[in-house]
Amino acid sequence: MFWPSFLISPLKALAAGSAPAPCEVAEGACLIPLDKLQLGQCGLIQRLDLIDSDDKRLRTMGICPGRRIWMVRRGDPMVLKVMGTRIGLAAELAQQVTVEVCAPLYEGFDDAPATRVEREPGEPGGAGEPERPEA
Amino acid sequence: MTRIALDVLDSPKPSVSQDLTVALVGNPNCGKTTLFNILTGLRAHTANIAGTTIEQRVGKARVDGHDLQLLDLPGMYSLSDVSPEQKIARQALMGEVPGQRGPQAVLLLLDATNIQRNLLLAGQVLEFGLPTVVALNMCDLARRSGIKINTQALADELGCPVVAISARTGEGIPELCNALTLRLSSDEPNALPESLSACATCGGCPFRARFDWAEQVDKRCARRPVGDHDPRTAAADRVLTHPVLGIASFMVITFVLFATIFWLADYPSGAIEWVFSSLGGVVADALPPGDLNNLLVDGIIGGVGGVLVFLPQICLLFFFLSLLEDTGYLARAAVVTDRLMRRVGLPGASFVPLLSAHACAIPAIMASRVIENRRDRLVTILVSPLLSCSARLPVYTMLTALLVPSQPIKAALIFVGAYSLGIAAALLVAMALNRSILKGKAAPLLIELPSYKPPNLRNAALSMLDRGRVFLVKAGTVILLVSIGLWASATYPKSAAPREAVTMQQQAEQLEASGQTDDASQLRVQAESLTAAHGLSNSLAGQVGHAIEPAIKPLGFDWRIGVGIVSSFAAREMIVSTLSIIHGVGAGDGGDEMLYESMRHAVADTGTPIYTPATCLSLLVFFVLAMQCLPTSIVARRETGTWKWPALQFVYMTLLAYSAAWVTFQVASQVFESGAVG
């Protein structure tokens, strides 16, 4: 069954992406495995259930609780964006990562919330005096 | 902001002394190699870190009139021990590698287009307390995509000088050198930022606290436009990581890559062949005939030429691989091939090394370094020599000419069959290894897809020089020694000319005396060929051939092929030249066609033909699968760190080749005897 599944799986990957994933509701938040994120959807990483070596690999790349992550391309391997970097990730790892779906869909999957740009560096609760960024 | 003096490390650097070592630390893909090449130029060399197979580059950098030792550590995302490479890099940074002094200062490279993720490593490096200077690289790319970073604010946050540079364009390099000198001339410890020192002590997930810190620092120092700041990368990835289009683009790109390499390498390889054969001719004519002449011409000049002829292909392969890596495409190739490769238990990252193995297994094994996981790397190294390399081409050509003379379509099918057999064997062996001695499955894919960048010709050229040097030093010397050894074993012990040859020479003399010089010289040539064949048969190599004949008889091989197999350990194509000597076809006269003709008519002592179709098929299968290449073993030893793996590789490949050739010969003899195939 080597070739048939090789031919079919990309088609499956293309077909996926319409049905919204059912989510486990905990304290009002919608928790789903990372691989179930829709295209362009953002997730707030909650939990990693991986063996130690894989856990560290993911965390050093930014897939770590508290980070926001965007789905750029679904499938196996999928392409995600976290901390401004694109990452290719195998589905078997993504299945072990739980994320809380974030409602807003930012343009171009950038992880910088739109509001941040309006702030000047140094202004909100920053150390030292507010400084103008270099031109 | 308070300044915390660290008393853990003493820093004895009142002035910039001559033997200071500075470690260059940074994430993968942040332009570390480019900066290293700019600072050191050609005054760098690649060396293994003591006791490991992990490489580091060391170079002398001239910074403001002072010579510094610059240490290029492997790229890493954090200092936590994830891969052995990162573990070693951390030990090198801390001065824990035996026999190597730790660095006195750190040059930390951050990617300005991706500062948040880079700050994780920055935080850990700063905690070490070594004097640190931060170079904010790719500021030209950041500027172009509208990212603004306040370097002064960042310097305050990190407690060390920050210089915006672009290693690609050379922007900011003088300022960086200034900052480095200034930092090295003061023995003040780093001012560890308070926000960061809180991180180090907090419990729970250490990464989470650090990423929170990185996010805060990023928020205070950087501004970026709304939306994707790199639309071109996003657009290119829509095609290149696409499940269907991505595979198609991958095939096109690799086809163009290899076609270019083979096409370009043809010219220098042809030139090298020409130079060495002319040189051999000149030396052969200049010196009186004898052993010294033979040693120089066949042993040394032939051996050196045999090594150098592969050099253009290897250099070009590394040149183009480095270009592709610089653009960021190799990471995408790993993503699209991962799905296919994982079925046989290999990671996507092993695809490019295995592809390179079709040129030569040696660069393939050297390129397998890109595979992070040791198990995956070992499987890749073990199966690489099964793929048909270019040294097998002359052998395939010879056997195809014997099997199906002047039938191009059938010949092409045999070539396709040989290549497919190699690929199938590599995949099956990889699967078998996964289920036996290298249990486990390929490490699931996790790879950064860096932004696409224009490639750097300087990096590619330096990588090519570096790899070419490694090939010449490590493999070349072995090939040369083996060639000389084989020459000696094919020459000694010497035997007297056979009786027929002596009679022929006497006849020639008589003919010459009667004025028939043309016939005389023809007879002389025949006599010399006969003497050469007789000499080889009685030499050490010939005796080995005779000795192993019982073992290879079931495969349909006689002692002549045995000698060819023995000689092919230096390089596989050697079997062709060995067989031409045995069959009395001197090198250079008449060429390959004459060899094929004489092989077709060659008969054993019993009068039966030696090269029957069954024997040729069996020999073809044997050469597809056998590990007939000593230089590959040497390089595998270098890359795996022990003789265990190359030994295993040799044993399993020889067993595989032997059994497959045996089955082929038995089946083929039955088929051809029964007359099913004419």
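Every chain is numbered from 1 and lettered A, B, ... according to where its sequence line falls, protein lines coming before strand lines. As the structure is a computational prediction, the values presented were derived from the model and not from experiment.
Donor-acceptor pairing under 3.5 Å is lacking for the side chains of B:Arg220 and B:Asn150.
With chain B as partner, the option from A:Ala91, A:Ser53, A:Gly62 having the largest number of non-hydrogen pairs under 4.5 angstrom is A:Gly62. Chosen from B:Thr241, B:Asp338, B:Val336, the residue pairing most often with chain A at heavy-atom distances under 4.5 Å is B:Thr241.
With sequence neighbours excluded, the residues forming a side-chain contact (heavy atoms from CB on, under 4.5 Å) with B:Ala349 are B:Ile371, listed by chain and number. Checked against side-chain contact (heavy atoms from CB on, under 4.5 Å), B:Pro444 has the following partners two or more places apart in sequence or in another chain: A:Asp54, A:Arg57, A:Ala90, A:Glu92, A:Leu93.
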Practice problem: Would you please test B:Asp237 and A:Arg73 for salt bridge (Lys or Arg N to Asp or Glu O under 4.0 Å) and show each step? | Solution: CA-CA 9 Å; B:Asp237 269 356; A:Arg73 177 182 293 286; over 6 Å; no

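For B:Asn27, no part lies under 4.5 angstrom from a heavy atom of chain A. Heavy atoms of A:Leu58 lying under 4.5 Å from chain B belong to its backbone as well as its side chain. There is no contact between B:Asp111 and chain A, counting heavy-atom distances below 4.5 Å. Residue B:Leu120 touches chain A through its side chain alone, counting heavy-atom pairs closer than 4.5 Å.
For A:Arg59 and B:Phe211, the positive end is not near the middle of the six-membered ring at less than 6.0 Å and at most 45° from its axis.
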